[in-house]
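Input: a single structure, listed below in structure tokens.
Remember, predicted model here, so these are calculated numbers, not experimental data. Chain naming here is simple, since letters A, B, ... match the order of the sequence lines and numbering starts at 1 in each.
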Amino acid sequence: MTSLASKLTVIVSAAFEEAGLPADLGLVRVSDRPDLAQFQCNGAMAAAKVAKKNPRAVAEEVAGRLKARGEFAKVEIAGPGFINIDLTPEAIAGHLSAMATDARLSVPEMAQGETVVLDYGGPNIAKPMHVGHLRAGIIGDTLRRIMAFAGYKTLGDVHMGDWGTHLGILFNDYIRSGEQDKVLKVDLDDPASVSALFEDMSERYPRASAASKEDEALRAQAQEATLKMQNREAPYYEMWQKVKAVSIVGMERNYGMLNVHFDLWKGEADVHDLIPPMVDDLKARGYAVESEGAIVVPVKRNEDKKEVPPLLLVKRDGAFIYGSTDLATVVERMQLYGPSKIIYVVDQRQGLHFEQVFRAARMGGIAPDAVELTFAGFGTMNGPDGKPFKTRAGGVLKLEDLIAMGVAKATERLNDANLAKDMPETERASIAHKVAVAAIKFADLQNQRQADYVFDIDRMVSFEGKTGPYLLYQAVRIKSLLRKAESSGSETRGFGNTEIQKFGDSDIPLALLLCELPDVFEGALNNYTPHLLCEYAYRLAQTFSSFYNSCHILSEEDEVLRGSRLTLCTLTLAQLELVLSLLGIEVPDRM
RNA sequence: GCGCCCGUAGCUCAAUGGAUAGAGCGCCCGCCUUCUAAGCGGAUGGUUGCAGGUUCGAAUCCUGCCGGGCGCGCCA
């Protein structure tokens with residue numbers, strides 16, 4: 001089971017082959033001129049180059065072979081050699097009828113349970129989660145869902161920053177001011193105590209960080225504190241344990257609200273003990289060397305056009321750094337999970353760093369060549385001024401505040417609507433939350449992953465036009481319609497039928513679009529680009545809405561047509577729910 | 001200095017080398033006594049930064065220039 005276009009590709013490729021031409025010229029795609037045809041093949045023009053033949057003559061020959069087949073309503077040649085193809089309604093209907101009985105909606109399973117580790121968290125402990133953490137979380141979680149649906153065994157790792165210098169800065173500040181008990185005496189079972197510490201850290205860290213930037217002595221102290229924490233010395237290690245526990249509570253809450261899931265709650269600290277043997281091993285085999293008092297892995301290659309600096313493993317003061325933790329994390333992942341791929345969903349700006357890590361991992365044999373290491377970087381969230389986003393006050397916008405804004409707006413909208421009056425309070429709250437999360441996630445995911453984009457709060461929590469709530473709305477309308485069909489006993493009037501037997505004029509565009517899903521899914525999977533699924537979901541919702549508006553379904557007199565249309569509705573809903581679930585967006589029953 | 005990314009409608013963004021470059025928002029005109037108006041239909045809006053080149057065909061590939069962003073050993 002695949003898309004209609006790929007089925008046609010098989011047929012047209014065979015026709016090219018019979019004509020003595022390369023089969024891959026037979027690639028068929030959905031036409032970009034729907035007014036001319038449903039599908040097109042451009043291979044005849046390319047054939048002119050490889051076979052030195054007249055493209056129109058090639059097209060004629062191929063088209064001649066195709067015309068003999070029954071499933072084509074039209075095979076035409078246009079322009080320099082486009083082969084334009086229309087299918088018969090029966091052929092389209094047959095394809096959709098098969099899809100309607102397939103739990104995977106014609107999307108093939110491409111993997112056989114190979115393990116994939118996805119790294120998409122990266123929040124630092126001791127700091128509040130802000131909108132800067134949004135992209136990694138939701139893009140990574142979506143990629144995890146996509147790969148899982150493709151048949152991989154997926155492991156999402158939050159990989160928190162829990163071993164770095166920012167903690168030395170923080171702990172040093174507590175100790176200097178004699179307030180370490182604020183950390184050490186926190187009661188993890190008491191939510192008030194937990195949030196009090198969190199508040200204190202959120203206020204303290206920016207201050208301490210700024211101070212250590214100014215003051216060299218302070219900076220040295222902080223580095224020393226970092227080293228002591230990494231060496232598990234008192235009271236640093238005890239403080240670290242408390243801070244980490246408190247921070248995880250906050251992360252779970254934030255990611256929970258966004259419906260972002262992790263299978264592994266690992267951090268940099270988890271690989272600490274793997275680093276010394278790894279460094280020794282790399283030194284023994286000559287890959288790691290001493291340089292300016294530090295230990296580094298030179299990863300430069302002769303063919304490099306750019307300068308690739310060595311990967312720094314151990315700092316002059318003996319402390320570890322992200323180079324060592326990230327490399328050791330590859331060691332750990334290979335040991336524990338044996339993945340076929342490791343995907344890093346990280347800010348683009350860390351691209352060079354991961355290039356260094358990947359090279360070191362290959363050189364040292366830590367990750368064999370067969371293991372795919374992918375840096376799936378994402379662009380920066382800028383403010384309307386084109387600079388990295390800051391609130392008007394110049395600070396960060398907390399994730400919780402953003403979500404609260406969306407929920408407040410959705411609640412207001414619900415209260416304005418008529419159907420909210422007979423709705424229990426819990427359902428209203430649940431819908432408002434789903435709407436808000438749909439808005440936020442879709443607003444982010446519809447952007448191309450790699451590109452920077454402008455973050456606009458008002459746009460992110462808007463519910464009209466090309467937004468998450470619009471998609472929910474269309475899905476909810478179909479649910480409502482199918483409920484009505486069911487309660488009016490439509491099964492005797494065609495409902496419940498998975499056959500599509502008849503099309504009206506307004507049905508064809510929707511029917512054809514439904515056949516594209518497998519190709520869109522494959523594109524999103526292969527390129528790690530969720531925005532393709534967003535585009536598809538939006539087109540589907542829009543095409544459905546247009547269909548819904550132009551014809552009546554339940555009141556359709558023609559029983560066969562009514563049954564076929566209900567099946568189209570069922571399929572549309574199933575696809576919308578599938579795609580939205582891949583995007584981590586839940587559909588309510590009504591809104 | 002070296003390297004990477006970006007430049008598409010007023011704004012925000014799409015477009016596996018294909019035919020007439022598409023959406024959303026905004027603005028304007030219509031449509032709620034039929035299945036949810038968080039909707040639908042229509043109108044306006046473009047020398048795809050500039051100049052060359054490759055190709056039957058370029059927003060897309062190559063070269064140069066202009067403009068913006070980012071990265072380049074002891075932060076992550």
Side-chain angles (χ1 to χ4, degrees), chain A residues 27 29 31-33 35-36 40 42 45-46 48-49 55 78-82 84 122 124 161 164-166 169 209 223 268 291-296 304-317 319 321-323 325-326 346-353 356 377 379-380 382 384 386-388 410 413-414 416-419 435 439 446-448 450-454 456 459 462-467 469-474 476-485 488 519 523 526-527 531-532 534-535 538-539 542 545-546 548-556 569 590-591:
Chain A
L27 181 69
R29 32 179 274 180
S31 175
D32 49 24
R33 287 291 302 275
D35 54 318
L36 298 180
Q40 64 179 329
N42 306 332
M45 272 110 55
K49 196 169 290 175
F82 294 102
N84 285 334
N124 284 333
T165 310
H166 73 286
I169 293 171
S209 172
Q223 278 170 5
E268 296 173 330
S291 166
E292 298 171 33
I295 298 173
V296 303
D304 282 337
K305 282 189 175 167
K306 59 186 174 189
E307 282 179 45
V308 181
L311 181 71
L312 189 57
L313 291 183
V314 186
K315 299 197 286 185
R316 247 197 302 275
D317 65 4
I321 184 171
Y322 67 134
T325 54
D326 281 338
V346 182
D347 192 304
Q348 281 287 22
R349 290 174 291 187
Q350 292 190 41
L352 180 58
H353 165 69
Q356 293 170 268
T380 312
N382 290 325
K387 302 237 169 78
R413 176 66 70 98
L414 270 177
D416 288 348
N418 276 332
L419 61 117
V435 168
Q446 68 171 306
N447 294 290
Q448 203 176 61
Q450 300 93 326
D452 293 352
Y453 82 99
V454 174
D456 181 320
R459 194 148 30 86
S462 74
F463 303 154
E464 278 113 42
K466 193 175 182 179
T467 63
Y470 171 84
L471 302 177
L472 297 187
Y473 179 71
Q474 299 306 340
V476 161
R477 288 213 291 198
I478 303 175
K479 283 191 180 186
S480 167
L481 184 144
L482 292 178
R483 274 196 301 266
K484 284 208 166 86
S488 67
D519 288 341
N526 291 339
N527 306 304
H531 84 282
L532 295 179
C534 293
E535 285 293 323
Y538 181 68
R539 272 203 296 151
Q542 217 178 21
S545 194
S546 176
Y548 178 91
N549 220 262
S550 64
C551 64
H552 288 282
I553 299 159
L554 296 176
S555 57
E556 172 57 51
C569 291
R590 49 182 185 166
M591 64 187 274

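OP1 or OP2 of B:C40 sits under 4.0 Å from a side-chain N or O of A:Y470. In terms of phosphate contacts, A:K479 brings no side-chain nitrogen or oxygen within less than 4.0 Å of OP1 or OP2 of B:U36. An OP1 or OP2 oxygen of B:C40 is reached within less than 4.0 angstrom by a side-chain nitrogen or oxygen of A:S545. For B:G41, one of the phosphate oxygens OP1 or OP2 lies less than 4.0 angstrom from a side-chain nitrogen or oxygen of A:S546. Within the structure, every side-chain polar atom (N or O) of A:K466 is placed at least 4.0 Å from both OP1 and OP2 of B:U12. OP1 or OP2 of B:A15 has at least one side-chain nitrogen or oxygen of A:Q448 nearer than 4.0 Å. Contact annotation: A:Q542 reaches the phosphate of B:G24 (side-chain N/O to OP1 or OP2, under 4.0 Å). For the OP1/OP2 pair of B:U36 and a distance below 4.0 Å, the side-chain nitrogens and oxygens of A:S480 include at least one atom meeting the criterion.
For B:G53 and B:G30, the C1' atoms lie 50 Å apart once the distance is rounded to whole Å. B:C6 and B:C62 have their P atoms separated by 11 Å, with the value rounded to a whole Å. Nucleotides B:C56 and B:A43, compared at atom C1', are 37 Å apart to the nearest Å. Spacing of C1' atoms, B:U20 relative to B:U34, comes out at 37 Å, to the nearest Å. Atom name C1', nucleotides B:A51 and B:A58: the rounded distance is 15 Å, in whole Å.
Across all strands shown, B:G22 forms a Watson-Crick or G-U wobble pair with B:C13, both key distances being under 3.5 Å.
Atom CD in A:Q450 sits roughly 10 Å away from atom P in B:A14 (whole-Å rounding). The CG atom of A:N42 sits 12 Å away from the P atom of B:G17 (whole-angstrom rounding).
With distances taken from any side-chain atom of A:R590 to the nucleotides B:U36, B:U34, B:A76, the minimum falls on B:U36. For A:D452, whose side chain is taken as the heavy atoms from C-beta onward, the closest listed nucleotide among B:U55, B:G69, B:C35 is B:G69. Ranking B:A38, B:G18, B:C35 by closeness to the A:F82 side chain, first place goes to B:G18. Comparing atom distances between the A:Y538 side chain and each of B:G24, B:U55, B:A19 picks out B:G24 as nearest. Distances were taken from every side-chain heavy atom of A:Q350 (C-beta onward) to each of B:A38, B:A19, B:A76; the shortest belongs to B:A76. Here the side chain of A:E464 is nearest to one of B:G73, B:A15, B:G39, namely B:G39. Of the listed nucleotides (B:A37, B:G18, B:U16), B:A37 has the atom at the smallest distance from the side chain of A:Y473.
Looking at heavy-atom distances under 4.0 Å, A:L36 makes contact with a base. Residue contacts shown for A:N124 are absent, as no nucleic acid heavy atom lies under 4.0 Å away. Within 4.0 Å (heavy atoms only), A:R413 reaches at least one base atom of the nucleic acid. A:A48 comes within 4.0 angstrom of no nucleic acid atom, judged by non-hydrogen atoms across all strands. Contacts of A:R29 with the nucleic acid, taken as non-hydrogen atoms under 4.0 Å apart, include base atoms. Residue-level contact check: A:N84 touches the bases, meaning some heavy atom is under 4.0 Å from a base atom. Among the heavy atoms of the strands lying under 4.0 Å from A:V454 are primed sugar atoms or P, OP1, OP2 only; no base atom is included. If you check every strand for non-hydrogen atoms under 4.0 Å, A:H531 touches sugar and phosphate atoms only. When heavy atoms are screened at a 4.0 angstrom cut-off, A:R459 is found touching the sugar-phosphate backbone but no base atom. As judged by a 4.0 angstrom heavy-atom cut-off over every strand, A:V435 is placed among the base-contacting residues.
In terms of position on RNA chain B, the residue among A:G79 and A:N447 whose nearest nucleotide sits closer to the 5' end is A:N447.
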